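Some notes on the structure that comes next.
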There are 2 protein chains.
Amino acid sequence: MDQVEIFKALSNKTRLQILTWLKEPAENFPEQPNADFENVGVCVGQIQIKAGLSQSTISEYLSILQRADLVCATRVGQWTYYKRNKEGLEKLTQIINSEL
Amino acid sequence: MDQVEIFKALSNKTRLQILTWLKEPAENFPEQPNADFENVGVCVGQIQIKAGLSQSTISEYLSILQRADLVCATRVGQWTYYKRNKEGLEKLTQIINSEL
DNA sequence: AATATATATCGACTTTTCCCGATATGCCAA
DNA sequence: TTGGCATATCGGGAAAAGTCGATATATATT
């Protein structure tokens with residue numbers, strides 16, 4: 001993954017917020033009946049409601065974050081759950097500390 | 001400084017390169033007769049030559065990086081020298097580690 | 001004061017990003 | 001197998017970023 005793409009993914013207010021929300025799912029989203037926040041994350045619909053942007057925009061934003069290895073997705077039935085990608089975020093810290 | 005602006009400043013190939021060059025000025029720029037890399041940094045002209053973009057573009061890029069607290073500038077005579085802003089970069093690492 | 005040099009700012013044009021509504025796809029239930 | 005959700009993808013219009021050349025400003029030299 002290109003470093004520039006990682007920073008581009010982070011250079012949008014809504015996408016940054018999504019990442020902060022996903023750091024503390026239980027504080028930021030209502031209970032999910034069928035899925036555990038820790039295991040699979042939060043479904044697109046909940047993120048969309050919280051962000052207040054259109055469904056298509058949020059779907060796109062999540063895939064931008066995913067391409068940058070900042071979140072990871074799990075499909076369960078008709079839902080896609082997104083959660084923080086710990087490894088990707090650690091790698092980002094390393095890039096900043098070692099290259100910039 | 002808004003977090004988004006920091007990431008925007010970093011989401012450009014040339015600006016990222018400038019930061020990596022400024023991490024090791026002696027490896028990336030020719031000797032400067034009148035100024036010490038460690039003290040004041042590298043002058044705009046040298047950065048411009050290395051980047052291969054126009055003078056106006058590089059001047060603008062450096063001020064974007066400065067507004068994001070990623071570099072700091074020192075005017076000495078007719079030259080402006082830019083160097084890495086260690087504190088700003090450390091703050092960025094902290095933001096990522098504590099909020100994302 | 002006039003000139004030369006380094007950097008900053010301005011105006012313009014092109015490319016990219018933001019964000020939407022409409023539509024397609026995948027999955028489940030009746 | 002048809003209908004109903006959840007999500008993804010597509011096409012587009014508006015706003016922002018990328019980049020340039022021209023010009024302005026600041027400083028130094030003569």
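Note on naming: letters A, B, ... go to the chains in the order of the sequence lines (proteins, then strands), and numbering restarts at 1 for each one. Note that the coordinates shown come from a computational prediction; the quantities given were computed from them, not determined experimentally.
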Legend entry - Sequence-distant partners of Lys50(A), side-chain contact (heavy atoms from CB on, under 4.5 Å), two or more places apart: Trp21(A), Asn28(A), Phe29(A)

Review item, side-chain donor-acceptor pairs of residues 92-100 of chain B, under 3.5 Å, at least two apart:
from, atom 1, to, atom 2, distance (Å)
Thr93(B), OG1, Asn97(A), OD1, 3.1
Thr93(B), OG1, Leu89(B), O, 3.3
Asn97(B), OD1, Thr93(A), OG1, 3.1
Asn97(B), ND2, Thr93(B), O, 3.3
Ser98(B), OG, Gln94(B), O, 2.8

Inset, instruction - Provide, to the nearest angstrom, the distance between the OH atom belonging to Tyr82(A) and the C1' atom belonging to dT7(D). - result: 8 Å

Inset, instruction - List for me each residue that meets side-chain contact (heavy atoms from CB on, under 4.5 Å) alongside Gln55(B), sequence neighbours excluded, and say none if there are none. - result: Gln48(B), Ser59(B)

Legend entry - Whole-Å distance separating the CG atom of Leu62(B) from the C1' atom of dA8(C): 11 Å

Legend entry - Under 4.0 angstrom between Thr80(A) side-chain N/O and dA8(D) OP1 or OP2: yes

Legend entry - Ser59(A) side-chain N/O to dT9(D) phosphate OP1/OP2 under 4.0 Å: no

Inset, instruction - With sequence neighbours excluded, tell me which residues meet side-chain contact (heavy atoms from CB on, under 4.5 Å) with Cys43(A). - result: Gln32(A), Gln46(A), Trp79(A), Tyr81(A)

Legend entry - Contacts of Thr14(B) that satisfy side chain to side chain donor-acceptor pair (under 3.5 Å) - sequence neighbours left out: none

Give me the distances for all protein-to-nucleotides 14-20 of chain C N/O pairs that come in under 3.5 Å?
from, atom 1, to, atom 2, distance (Å)
dT17(C), OP1, Lys8(A), NZ, 2.9
dC18(C), OP1, Asn12(A), ND2, 3.2
dC18(C), OP1, Arg15(A), NH2, 3.3
dC18(C), OP2, Arg15(A), NH1, 3.1
dC18(C), OP2, Arg15(A), NH2, 3.3
dC19(C), OP2, Asn12(A), ND2, 3.4
dC19(C), OP2, Tyr61(A), OH, 2.3
dC20(C), OP2, Ser54(A), N, 2.7
dC20(C), OP2, Ser54(A), OG, 3.1
dC20(C), OP2, Thr57(A), OG1, 3.0

Inset, instruction - Nearest whole angstrom, please: distance from the P of dA8(D) to the CG of Leu65(A). - result: 12 Å

Legend entry - salt bridge (charged side-chain N to carboxylate O under 4.0 Å, His left out) partners of Glu90(B), counting only residues at least two apart: Lys86(B)

Polar pairs (N or O, both sides) under 3.5 Å between protein and nucleotides 25-29 of chain C?
none

Inset, instruction - Not counting sequence neighbours, which residues clear salt bridge (charged side-chain N to carboxylate O under 4.0 Å, His left out) with Lys8(A)? List them please. - result: Glu5(A)

Inset, instruction - Output the distance between atom CG (Leu22(B)) and atom CD (Gln17(B)), rounded to the nearest 0.5 Å. - result: 11.5 Å

